[in-house]
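The structure displayed is predicted, hence computed values, not measured ones. First the proteins, then the strands, lettered A, B, ... as listed; each starts at 1.
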2 protein chains.
Amino acid sequence: MVVDQLQAQFSDEELDRLFQAFADTTRRDIVRRVTMGAYSVSGLAALYAMSFAAVQKHVAVLERASLVSKEKRGREQIVRANHDGLQRARRLLDEYEVIWRQRADRIADLLAETATAEPGRTQTGTRQTRNTQSNKTEGKTEG
Amino acid sequence: MVVDQLQAQFSDEELDRLFQAFADTTRRDIVRRVTMGAYSVSGLAALYAMSFAAVQKHVAVLERASLVSKEKRGREQIVRANHDGLQRARRLLDEYEVIWRQRADRIADLLAETATAEPGRTQTGTRQTRNTQSNKTEGKTEG
DNA sequence: CTATTCTACAACCAAATGGTTGTAGATCAG
DNA sequence: CTGATCTACAACCATTTGGTTGTAGAATAG
């Protein structure tokens, strides 16, 4: 089953945090910057038109999402990129893409097969009479 | 400048919406399902332990993020995957990864170069005396 | 025609988000 | 020691988010 294949290595909460972390322009910019080189928190704060505390919160969000890590260096806190989170997000999107491609191929095959046999459209209703798979396919309209 | 290279093809608002859309387990599941086959809204709603209206809202979020598209078919609204959004998100993460790799290579080179010349650590303070680039590099601690 | 189904949308609510200011503890410079 | 800097954290506020229920319209089934 594809469901198991997908998201096998990520918990839902983890992914929520990960994508939520990316869903803010300031945080994406912080990720970009620390990907290119380490910054102190105050160093980052100086770059944005918002309070130190606000930037501190953004860094905290990135840290909880495992996209960034902090390391105490004297009185400063040095922020560095954590490549793992980036890779995890990318890998998930890759897997969606794999599924999509599999489906595209499958559709191409079906079209080639049934081109002469059944010219009409497949059923689009919610209730399907024949549920061939044990899987929950309620509401599915098109293979 | 790398800043221009990155995000050249995405607006901030677009990316906010895109990643925000992914930042919810139910929505990721909807994306997965419609990636594998089209569903009506009510068909999707039947799959989750929440109201029809709630699922309707999730679909709306995905639609605003260009991850999904709806097409009226009789009294039903058929939800299909919009592969573009997926690709865009992936491409952005790819670009972060490119930058990261470039940086990793650069660090490897620097380490090889300065291994004998300068054993000490590079400065970690917020204020750098020499700002060689016109670029805002305040607070940057490490190349 | 009537009843059902599917959708859209408004109104509402609790919790999370993104921001602020203020206070206080550590560390460093002079 | 004194003052400046960096950080952490609490309290507060407005807006957004994720959910609910209810109402109403359009399309289909009988």
Side-chain angles (χ1 to χ4, degrees), chain A residues 12-13 15-30 38-65 68-80 121 123-129 138-141, chain B residues 12-13 16-30 38-65 68-80 123-129 138-141:
Chain A
D12 285 341
E13 295 79 15
L15 288 172
D16 286 0
R17 271 181 266 126
L18 190 53
F19 286 110
Q20 180 62 36
F22 272 116
D24 181 277
T25 304
T26 303
R27 285 197 294 264
R28 283 194 303 275
D29 195 67
I30 292 178
Y39 283 74
S40 68
V41 178
S42 60
L44 285 172
L47 298 168
Y48 306 102
M50 65 183 74
S51 67
F52 173 84
V55 174
Q56 208 176 16
K57 280 190 183 181
H58 281 308
V59 171
V61 170
L62 291 170
E63 200 179 12
R64 265 186 301 130
V68 135
S69 65
K70 286 190 302 185
E71 187 196 346
K72 201 167 183 178
R73 180 86 78 191
R75 71 181 153 185
E76 292 183 321
Q77 198 83 259
I78 305 300
V79 183
R80 289 199 172 77
R121 211 162 61 262
Q123 52 188 344
T124 56
T126 303
R127 305 282 162 76
Q128 275 177 314
T129 328
E138 284 231 301
K140 195 170 169 186
T141 56
Chain B
D12 286 341
E13 295 78 16
D16 286 0
R17 271 181 267 125
L18 191 54
F19 286 110
Q20 180 62 37
F22 272 116
D24 181 278
T25 305
T26 303
R27 285 198 295 266
R28 282 194 304 274
D29 195 68
I30 292 177
Y39 282 75
S40 68
V41 178
S42 58
L44 284 172
L47 299 168
Y48 305 102
M50 65 183 73
S51 68
F52 173 84
V55 174
Q56 209 176 13
K57 281 190 183 182
H58 281 308
V59 171
V61 170
L62 291 170
E63 201 180 10
R64 266 185 298 131
V68 136
S69 65
K70 285 191 303 183
E71 186 196 345
K72 200 168 182 175
R73 179 86 79 191
R75 73 180 152 183
E76 292 184 321
Q77 198 84 257
I78 305 301
V79 184
R80 288 197 173 78
Q123 52 187 347
T124 55
T126 305
R127 305 280 162 76
Q128 275 178 316
T129 326
E138 284 231 297
K140 195 170 170 187
T141 56

Quiz item: Under a 4.5 Å cut-off applied to non-hydrogen side-chain atoms, are B/Leu47 and B/Leu44 in contact?
Solution: yes
Self-check item: A/Ile30 CD1 - C/dG18 P separation (whole Å)
Solution: 12 Å
Self-check item: Interatomic distance where CZ belongs to B/Phe52 and P belongs to C/dA10 [whole Å]
Solution: 15 Å
Exercise. Find the distance between CD (A/Gln77) and CD (A/Glu63) and round it off to the nearest 0.5 Å.
Key: 7.5 Å
Quiz item: Do side-chain atoms of B/Arg28 reach the backbone of B/Phe22 as a donor and acceptor pair under 3.5 angstrom?
Solution: yes
Practice problem: Ignoring backbone atoms, establish whether B/Gln56 has a side-chain N or O less than 4.0 Å from OP1 or OP2 of C/dA8. | Solution: yes
Pull out every protein N or O sitting under 3.5 Å from an N or O of nucleotides 27-30 of chain D, one pair per line with the distance.
from   : atom 1 : to      : atom 2 : distance (Å)
D/dA27 : O3'    : B/Arg75 : N      : 3.4

Exercise. Would you mind telling me which residue lines up with the more 5' stretch of DNA chain D, B/Ala23 or A/Lys57, judged by nearest nucleotide?
Key: A/Lys57
Quiz item: In whole angstrom, what separates B/Leu47's CG from C/dC6's C1'?
Solution: 15 Å
Exercise. To the nearest 0.5 angstrom, please state how far the CD1 atom of B/Ile30 sits from the OH atom of B/Tyr48.
Key: 4.5 Å
Self-check item: Gap between atoms CD and P, on A/Gln20 and C/dA16 respectively (whole Å)
Solution: 12 Å
Self-check item: Distance test, side-chain N/O of A/Ser42 to OP1/OP2 of D/dT7, below 4.0 Å
Solution: yes
Exercise. Answer yes or no: does a side-chain N or O of A/His58 lie under 4.0 Å from OP1 or OP2 of C/dG19?
Key: yes
Quiz item: Tell me: CD of B/Glu71 to P of C/dC6, nearest whole Å?
Solution: 18 Å
Exercise. Report yes or no: does B/Arg64 contribute a side-chain atom to a donor-acceptor pair with the main-chain N or O of B/Arg17 at less than 3.5 Å?
Key: no
Quiz item: From the list C/dG18, D/dT21, D/dG19, which nucleotide is the closest neighbour of the side chain of B/Asp24?
Solution: D/dG19
Quiz item: Between A/Arg64 and B/Lys70, who's closer to the 5' end of DNA chain C by nearest nucleotide?
Solution: B/Lys70
Practice problem: May I ask you to verify if any side-chain N or O of B/Gln77 is less than 4.0 angstrom from the OP1 or OP2 atom of C/dA8? | Solution: yes
Quiz item: In whole angstrom, what separates A/Met50's CE from C/dT20's P?
Solution: 7 Å
Quiz item: So, is B/Ser51 close to the D/dT20 phosphate, meaning a side-chain N or O under 4.0 Å from OP1 or OP2?
Solution: yes
Exercise. Using a 4.5 Å cut-off on heavy atoms from C-beta on, say whether the side chain of A/Gln20 contacts that of A/Arg27.
Key: yes
Practice problem: In whole angstrom, give the distance that lies between atom CZ of B/Phe19 and atom P of D/dT16. | Solution: 21 Å
Exercise. Give the rounded distance in Å between these two atoms: CD of A/Glu13 and C1' of C/dA16.
Key: 16 Å
Quiz item: Just by modelled atom types, is the B/Ser40 backbone N or O under 3.5 Å from a matching donor or acceptor in the B/Arg73 side chain?
Solution: no
